[in-house]
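What follows is a short report on a single structure.
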Amino acid sequence: MRMMDTLHASGIVAQHLTKQYGDFTAVSDLSFTVNAGQIVGLLGPNGAGKTTTLRMLAGIMGLTTGRIEICGYDIQQQLLAVRRHIGFLSGDTQLYRRLSPRENMLYFGLLHDLPRKEVKQHSQALIERFEMQAFADRPVEKLSSGQKQRANIARVLIHDPQVLILDEITASLDIISSQFIMDFLRDSRARGHCILFSTHIMSEAEYLCDDILLIYQGAILDRGTPDELITRTQSRNLTEAFLSRVPHVATTGTAL
Amino acid sequence: MMSLPRRRIVWHVFRTEVLNVMRDRVTLFFSVALPFLMWPLLAALMTQTVVGHFLRLEEAVSSVAVLGEPPEALRTYLQETEKLMLIQLDDAPAWELEPIDNTLTSKADAVTNPIEPKPSPLTSDVANTETASEITPPPADAKQREWAEHLIGEEKINALVISHPHIDSENGVTNYDAWIVYDSTDSSSTKAASRLKETLNNWQQQVVETRLEAQGLAHSYIKPLNITQKNLASKEKQSRSSLGPLLPYILVIMLLISSFHPAIEMTAGEKEHGTLPTLLSTPAHYLELVLGKYFAVVIIAVVSVAANMVSLTGVLMFGLGQADLNLSATLLSVIFLILLPLAFLFSAVAMAVAVFANSYREGQNLLSPLMIFGMLPAFTTLLPDLELTPSLALVPAFNASILIKQLLVEPVAPDLIALTILSNSLLAILALIFTTRVFASEPVIFGSGGLLNTLLSFRRSSYPYPNASLSLFLYVLLLVLAFYCSLGLTRFGLHIQVPIMQLTVFLGLPLLVSWYFHWPVARIFRLRKPNWRMVLAAVLIGNTAWLAFSWTSQLIPPPPEFTQKMLEMLSLTNDDYSMFTLIVIIAVLPGICEEFAFRGLILSGFLRSFSPVWAIVFTALCFGLAHMSLYRFIPTAVLGIMLGYVAWKTGSIWLPVLIHILNNANSVWVAHHFGGDAEMEQLTSVPVSIVLGAMIFCGAGLWLVYREPRAGEAIPTQVPS
């Protein structure tokens, strides 16, 4: 499978993505690429269109106009092939709460039409990799947030996807769990995966991202490496750079 | 993009959904544990309370008091009667009675009953303290009434007899008036009153016999008529009929509840808990996901119904001691078979509705109107004498409830059972198709499309063209309106009923809907002028199809009465109509109107959502089912397929109209000429040579149509053809 991928481009190519809900334009004319071995961060305030963009890239939401190619497959022509190469994780994608992480991995592996034996072996490997032995057979609803997120990531990786699309996966996690996830992302990059992720935590983005897309009201406001963005806005860090680029209501100095 | 759903993926989804839901204690409880707990518990409760109450009442001795001046013999008789205890009341108020005028009754008796002497020594009357103020004399005033109420309320006595003598001067005997005073809201008092009445009647019987003997007459003298009631219903039938209204009611409601819970859990519940987007991000096709979930809902509903049936049968047969209630295995299987398509239907509808909700609670809210809608038909089984008719057999839930109720009492015509199962199955398939469409809708899955907005928004802009769901909606509306129309117009006779129904319902409604949505009428209804070659083809098909496919009506052989009824209908029942009128009413009007509805709007809607083959087949099935008879289903559906094919291929509605008119006109003509009883046989067995000849002509017509280049599609389709 991986052999096939290397024949194709092994990343994400998005061209002129637009999504409309009735009269409302959620995403307008977004174009970017994410290459193998690269982490690209999608930054923007709430309602900027991050989740919609990621859903379109993951193929669970259609696009109004534009074109998406993942690992060389056109999302509109070869949707199911695209899904085979994507691992998608967001706040909306959860596990079956009455099943254990192991059962969840087995189920989603089978939905990828992989042989049962292979899925079981791979599940065991992931359980060991993410140190989930203690809770791999407990119902998901009984796990802590950090344990749940580890199980979620294991689920995403069950079919060994080349492209990872991750939507705010460290939100509401404690610092240890967040660090675990960041280590995992760096590890994946080292393994040659292509990663697109959105976050509200600027320090994470600064620490992880090779490239940043700053989006606002569905369109790209700015892009570049964290350093480039900081330099361009003459800020001290990414948070300041973000605030200087994104129009917002200042909360200081107006209380007169 | 994708051909057929992969069975192994559907199986994985099914298996996991069942596993996940069954790990939920609520589902497990509702679907399996509840039936096995509820019925024995209810039965036990009933035995303990209701039955126990009656038993205690039967066992208890009634305390009664006698006031006034009763004959001493009666007092003794009461004392000796079992389960009656005579209480001596010392504080009884003076119970002076108004003098009663007995002359009227005596005179009336004298006229109707010439027997002398008057044999009845006791005029027994039962007075209820509830309405006592209206009855004079006892208890005549408020004080007496209060006293009696107090005594019964305190349970010092349960009932009271007040008796006074009056002299029957005509016969020279002393007769007595007796009033039984009791409180009908108190069951012990009612019981005492009925015991008193029986005892007084027995005593009266004795006295009458003595008096007759004194006159040298036997007792039979005053018994010119011996009345005995004999109930024809066997004990089994009686207990089944008492079950009749209740059993379908319970089963249908249990089916509703047990399909709704997993349906909400697997749709709205999964949205709430975020597993639906996870599923959608896998390479499983949404059709595989829907099917897996659907079968999971169905199996849970079916298991629950089976559990209910087993538990209920067990309780009825053994728990309540009705061992004579022989619910045979065949009967139970037939009931189960009737409920099965209903389980498929309920599950599909419940899923289609619940998927609009974003949380379990919201799902429950959305389904509650449906719940009431589903309970309504179940409730109607409590109405006595409601029997299944062919048109009722098409109404989902109603049909099954009534059918089960009827089956418990008597055998039901197999065609009605088949029609019920067929109709519910077809609706279940259509509902499942609708459900898969809903699942494919992005706004629904991501929670931005409200149910009412999506389903009930008949905004013109949402429907530039008809689609399958609108066609289906229109079809159901047509059936309902046609049902009411025929109900309201039957008394005016078919010559009024048929034209009004055809013109308003089958032609008027589709035109009205098209006008509302601003649809291009000429395109939707295929108002294209056909060429002469196609007219020839239509004439060939229209004149021969009924003969060429006459054998299809024998696939499910109709009983002779049915054929007779059809013939009567075709000649408009006992009225002397001219051939011209008959042709207009039975052939021309239905030919035009029904074609506009079925091969016009409904086919156009189906064609936009399905491939041509399925669109034509679905339209034909709807057309066949609309004839409301199992025996007519196959022939009309076969005709429907040909009509649909011609309409689709040529793009002209006038050809199916012509075929339909000719086809019906031929039937009218045949009925007119061969409608007599003697020729009945000829109709049901057409010689093979004629059938083959007709097939050749019909085939030639179809071949001409086949050779014709296909007309462009009237409206843009959503699916590649």
Side-chain angles (χ1 to χ4, degrees), chain A residues 19 21-22 24 26 51-52 54-64 73 76-100 103-104 106-116 119 139-141 148 152 155-156 158-159 161 165 167, chain B residues 1-3 5-28 265-266 269-289 292 358 360 439-449 453-454 457 459 461-462:
Chain A
K19 178 73 185 179
Y21 299 111
F24 174 70
T51 300
T52 304
L54 295 182
R55 278 177 176 172
M56 286 193 287
L57 289 167
I60 61 173
M61 193 178 257
L63 23 156
T64 311
Y73 297 103
Q76 278 161 315
Q77 307 294 325
Q78 296 150 296
L79 178 63
L80 299 189
V82 163
R83 283 186 182 158
R84 269 184 213 111
H85 294 84
I86 288 181
F88 176 63
L89 180 56
S90 80
D92 300 335
T93 55
Q94 297 296 327
L95 300 175
Y96 280 82
R97 64 192 196 284
R98 296 189 204 102
L99 305 184
S100 68
E103 286 169 326
N104 268 293
L106 177 64
Y107 179 38
F108 287 103
L110 291 174
L111 286 187
H112 277 88
D113 213 6
L114 301 171
R116 184 179 290 265
V119 176
V140 168
E141 61 189 349
K148 259 184 215 164
N152 264 320
R155 188 276 297 167
V156 169
I158 192 69
H159 58 290
I165 296 173
D167 190 10
Chain B
M1 184 171 67
M2 131 139 226
S3 47
R6 293 163 294 178
R7 257 181 305 171
R8 58 183 179 282
I9 301 289
V10 174
W11 166 250
H12 294 323
V13 177
F14 167 80
R15 198 185 145 275
T16 311
E17 291 287 355
V18 171
L19 184 70
N20 187 51
V21 169
M22 288 319 258
R23 278 195 190 163
D24 172 25
R25 291 199 193 99
V26 179
T27 314
L28 205 60
E265 177 70 34
M266 286 177 210
E270 292 213 13
K271 268 164 126 184
E272 186 177 3
H273 293 106
T275 43
L276 205 55
T278 321
L279 282 179
L280 292 173
S281 71
T282 66
H285 193 267
Y286 79 90
L287 203 57
E288 294 162 341
L289 299 176
N358 292 320
Y360 190 89
F439 262 75
S441 157
E442 203 172 89
V444 175
I445 294 299
F446 291 101
S448 51
N453 280 343
T454 314
S457 124
R459 271 179 303 152
S461 56
S462 317

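Below, each value reflects all heavy atoms present in this structure, side chains not excepted, and no hydrogens, waters or symmetry copies.
Side-chain contact between B:T282 and A:R83 is absent, with no heavy atoms from C-beta onward closer than 4.5 Å. When side chains are defined from C-beta on, A:Y96 does not count as touching B:H273, because their heavy atoms never get closer than 4.5 Å.
The most heavy-atom pairs under 4.5 Å with chain A, out of B:D24, B:L276, B:L289, come from B:D24.
From A:Y107, atom OH reaches atom CZ of B:R15 across 10.0 Å, with rounding to the nearest 0.5 Å. The CG atom of A:L111 lies 8.5 Å from the CZ atom of B:R6; values are rounded to the nearest 0.5 Å. Atom-to-atom distance recorded for B:R8:CZ and A:L110:CG is 10.5 Å, nearest 0.5 angstrom.
Residue B:E272: no heavy atom, backbone or side chain, is found under 4.5 Å from chain A. Only the side chain of A:E103 comes within contact range of chain B, with at least one heavy atom under 4.5 Å from a heavy atom of that chain.
Without hydrogens or angle criteria, B:T278 side chain to A:Q94 main chain gives a donor-acceptor distance under 3.5 Å. Remark: the backbone N or O of B:R23 is not paired with any side-chain donor or acceptor of A:R98 at under 3.5 angstrom.
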